[in-house]
Each structure stands twice: as C-alpha cells, then as structure tokens.
Amino acid sequence: MTGPIVAITLREIRLPLKEPFATAHGTVFDRRILLLEIDGGDGCRAWSECVAMAEPGYFPDTVDTAWLAIREWIAPRVLGRCRQRPDRATFTDVRDVHRALADIRGHQMARAAVEMGAWGLEATRRGVSLAKLLGGSRRTVATGIAVGIQADLAVLIDQARRAVGDGYRRIKLKIRPGADLEPLAALRQALGDGAALTADANSAYTLADADRLARLDDLGLEMIEQPLAWDDLVRHAELQKRLATPICLDESITCFDRAEDMLTLGSGRVVNLKPGRVGGFAEALAIHDLCQRRGVPLWCGGMLESGIGRAYNVALASLPGFTLPGDLSPSARYWRRDVVTPEWTMDGRGRVAVPHDLPGIGVDVDRDRIENLTVKHQVLR
Ligand code: OSB
Ligand code: MG
C-alpha cells in the first residue's frame with residue numbers, strides 16, 4: 001500500500017427497493033446497507049460496501065455481525081499501526097490487507113468490505129481506475145438481470161420480455177419448490193429457444209428433489225444456480241451427475257479452496273463470483289485465475305448493492321476470465337435514486353461501461369444523500 005488507513009467510518013443506510021425482491025429465503029423491501037468510508041489521512045478516501053443482508057438467510061454474515069466484526073477484529077488489524085499484530089504493522093502491498101485478516105475465521109463479508117475498500121483507496125492514491133489496479137481491461141461488462149419469484153405468470157413474462165427489450169444478455173429467475181418448472185417453461189416459451197435463461201434456487205432443494213430438477217433439462221437452461229445447501233459440495237456433485245444442466249455454485253464458494261474443491265469433486269461446472277462473499281479482491285482474483293486456467297465459465301454475481309458496491313463488482317468483472325454476463329444491473333433497476341453520481345446505466349445491448357479513465361471507484365458518492373439515509377454511524381481510529 002502506498003500509505004496507511006487511519007480511520008474507517010461505518011454507516012448503516014436504508015435504501016428502499018423500487019419493487020420487492022423475492023427469493024427462496026424471503027423478500028427484501030428495504031435494503032439495509034453497511035457502507036464504509038476508508039480514510040487514508042492524506043486527503044485520499046474511498047467508500048466501500050459490505051454486501052451482508054439484514055438476516056443470515058443467504059450467508060452467515062449480517063449487517064450487524066459485520067459491524068461487530070469490523071469494529072472488534074478487522075479494523076484493529078489494519079488501522080494505522082497495527083496494535084494486535086505488530087509483526088504485520090506495515091502494509092507494503094494492498095494484498096497485505098488480505099493477509100492481515102487471514103487468521104479470522106468466517107466473516108468474509110466483513111473482511112471483504114475493508115479489504116476491497118483498501119483497493120479502492122489504493123486506486124485513488126495512485127490515480128488509476130480500480131479496474132486497472134485489478135488488472136481488468138474490458139471497456140464494458142455484459143449484464144444479466146435477476147428476476148425475483150413472481151406469483152403471477154403474466155406479470156413475470158411481461159417483466160422478462162421488457163428485460164430482453166432493454167438489452168439484458170441473460171434472464172435469471174429465482175425459483176423454489178412449487179415455483180420452478182411452470183414459470184421457467186412459460187419463460188422459455190415466451191422468450192424463445194435463443195434466450196439465455198438461468199434459474200437461481202438459493203439452496204431451496206435437497207437431493208430428494210433430483211428427479212424434479214432433472215425435468216429442467218428439457219428447458220435448455222444455461223445453468224441452475226445453487227440448488228442445494230449453501231455448505232454442501234458432496235451432494236451437489238451427486239446432483240450434477242444426474243443433471244445435464246450445468247450447476248453453478250454461488251453460496252458454496254466462500255473462498256479459493258471451496259472453488260477448487262468444487263472442481264475436484266465435480267459439484268458444478270460454473271462459478272458465480274462475488275468478491276464480497278469470498279473475503280475480498282485478493283481471494284476473488286485467485287478464484288478468477290483458477291477458473292481461467294481450468295476453462296471454467298465465470299460470472300460476477302450481485303447482492304442488491306448500492307452504486308458503491310456495484311462499482312467494485314463492475315471493476316472486477318472487467319477482467320478477462322469473466323466469460324458470462326454478470327448480475328450487474330444498472331441503478332434504476334433497484335433504486336428510485338442511487339447514492340452515486342453518475343448512476344450506473346446500461347446500454348441497449350446489455351453493456352455497462354467500465355470507468356477506466358477515472359481514478360478510484362469511478363463514481364462520486366453523494367454524501368448529503370448518504371447523511372440523510374444514515375440510521376447509525378461510528379468512526380473507528
Ligand atoms: O443469490 O445471487 C443471489 C441478491 C441478494 C442475495 C443473493 C442473490 C441476489 C441476487 C440479486 O440474485 C442479484 C442482483 O444484485 O441483481
Ligand atoms: Mg445466487
């Protein structure tokens with residue numbers, strides 16, 4: 001690192017979604033979002049976002065546990081002169097942040113928020129784009145949409161048709177037992193055989209559902225995301241043997257080793273990479289390189305991030321190993337108004353521009369708006 005981190009400000013904001021987002025484990029109306037402001041003490045600052053949700057339904061981290069973990073264990077390891085680990089006091093490389101946090105078990109989303117913020121700060125200090133610092137070269141990233149579970153089939157089809165018209169490169173439908181075969185068949189029928197269609201089960205099934213899931217093979221899905229339990233690679237391997245549809249793992253990929261295990265065991269054939277879920281960019285880059293080496297299709301997932309978190313994902317998705325469209329919808333898909341300027345937009349061919357020519361995360365953060373949305377804040381030094 002070019003310099004230290006002297007303060008971290010934690011903030012919780014509440015951002016109401018334009019429309020509720022329903023998954024197998026519940027419906028989100030208002031997104032509780034933990035934002036960080038990383039202060040370099042030299043006039044350089046970077047905002048970052050913790051992707052944890054309000055409840056541990058998708059992943060063990062929550063907004064509240066991440067706050068606690070950052071305050072108690074993570075910030076003390078990276079702030080200024082490292083008090084608890086004097087042996088790791090000086091960060092010479094931004095990757096040292098990841099190393100300094102490696103002895104903390106779990107809390108990936110909390111660690112990632114600080115680690116990724118350190119990359120954002122480093123990019124700002126060096127006057128280069130975050131994408132460039134990460135090694136990304138793509139000028140645009142391809143975008144797919146994630147559509148929530150929708151009881152009304154006509155509404156669902158209308159939504160999907162509009163998404164295709166807007167340019168989205170792939171439609172992903174959230175599914176759960178009882179809301180799977182029928183809506184997916186209706187979508188396939190409505191969108192035609194050429195449409196890239198996928199399903200995300202968010203762990204709603206068990207191996208006992210294998211026969212039912214095998215019926216999805218007729219629908220020509222590009223993949224089914226995370227059908228089984230979040231921490232179960234063995235049964236995913238068994239299920240993959242019984243499905244022609246490629247399994248993509250999301251929740252299960254908590255770190256580099258799990259990605260490698262997935263490939264070793266044959267638990268899936270596609271990787272959804274969310275840097276916020278694997279402990280940050282150092283780990284995400286290692287997974288990216290692994291997938292690239294092994295020829296594994298890779299895409300960047302989303303967590304209903306604000307425009308701040310989205311900046312980090314767009315930068316990562318500009319790397320060459322991301323071969324499939326990401327969950328990188330523009331701001332207007334989620335929010336009446338985002339917290340960044342300019343807001344994230346998508347062109348008519350489903351592409352989001354990577355801000356290569358701007359230093360740091362490439363968008364300005366609307367501080368007044370964030371102040372207004374803040375329900376809680378704390379400065380750590
Ligand atoms: O499983 O990919 C998921 C949102 C929150 C938590 C988990 C997931 C999702 C999404 C939304 O699918 C993707 C997006 O941000 O558009
Ligand atoms: Mg998913």
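When a residue number appears, it is its place in the shown sequence, counting from 1. Ligands are counted one by one from 1 in listed order, and the atoms in each one are counted from 1 as well. These numbers come from a predicted model, not from an experiment.
Under 4.0 angstrom from ligand 1, there are no non-hydrogen atoms of I145. Here K172 has side-chain heavy atoms under 4.0 Å from ligand 1, and that is the only part of it that gets that close.
Nearest residue to atom 3 (C) of ligand 1 from M303, H25, K274 is K274 (criterion: closest heavy atom). In this comparison of F21, Y334, F59, the heavy atom closest to atom 11 (C) of ligand 1 sits on F21. Closest heavy-atom approach to atom 15 (O) of ligand 1 within the set T23, L304, N202, N313: this belongs to L304.
The protein non-hydrogen atom at the shortest distance from atom 10 (C) of ligand 1 is K174 NZ, 3.6 Å. The protein heavy atom nearest to atom 9 (C) of ligand 1 is G302 O, 3.5 Å.
By the 30° and 60° cut-offs, the orientation of the rings of F59 relative to W230 is perpendicular. The aromatic rings of Y58 and H25 sit tilted, their planes meeting at an angle between 30° and 60°.
Ligand 1 has no atom lying under 4.0 Å from any heavy atom of Q226. Judged by the shortest distance from any of its heavy atoms, R277 lies outside the 4.0 Å radius around the atoms of ligand 1. Under a 4.0 angstrom heavy-atom cut-off, R333 registers as lying outside contact with ligand 1.
No donor-acceptor contact under 3.5 angstrom links the side chains of N313 and K274, judged on distance only. In this structure, a donor-acceptor pair under 3.5 Å is present between the side chains of Y334 and R310. Side-chain atoms of E49 and S306 include a donor-acceptor pair closer than 3.5 Å.
The atom of D200 that is an N, O or S and sits closest to the Mg ion (ligand 2) is OD2. Restricting E225 to its N, O or S atoms, the one at the least distance from the Mg ion (ligand 2) is OE2. Sorting the N, O or S atoms of D250 by how far they are from the Mg ion (ligand 2) puts OD2 first.
A cation-pi arrangement, defined by a distance under 6.0 Å to the six-membered ring centre and an angle within 45 degrees of its axis, is absent between K172 and W299.
Under a 4.0 Å criterion applied to the non-hydrogen atoms of E225, ligand 1 contributes the atoms 2 (O). Close approach to R310 involves these atoms of ligand 1, each under 4.0 Å from a residue heavy atom: 15 (O). For ligand 1, the atoms sitting less than 4.0 Å from at least one non-hydrogen atom of Y58 are 1 (O), 7 (C), numbered in the order shown with element in parentheses. Ligand 1 places these atoms under 4.0 Å from at least one heavy atom of D250: 1 (O), 2 (O), 3 (C).
Residue E37 holds its CD atom at 4.0 Å from CZ of R367, rounded to the nearest 0.5 Å. Separation of atoms CD1 (I5) and CG (D39) is listed at 9.5 Å; rounding is to 0.5 Å. From F322, atom CZ reaches atom SG of C300 across 5.5 Å, with rounding to the nearest 0.5 Å. To the nearest 0.5 angstrom, L213 atom CG is 6.5 Å from I175 atom CD1.
Close N/O approach between N272 and ligand 1 is not found [any backbone or side-chain N/O within under 3.5 Å]. Polar contact with ligand 1: absent for S329 (N/O pair, distance under 3.5 Å).
Under the 4.5 Å side-chain criterion, counting only non-hydrogen atoms from C-beta, W335 is not in contact with E343.
Salt bridge absent: D338 and R333 never bring a charged side-chain N and a carboxylate O closer than 4.0 Å.
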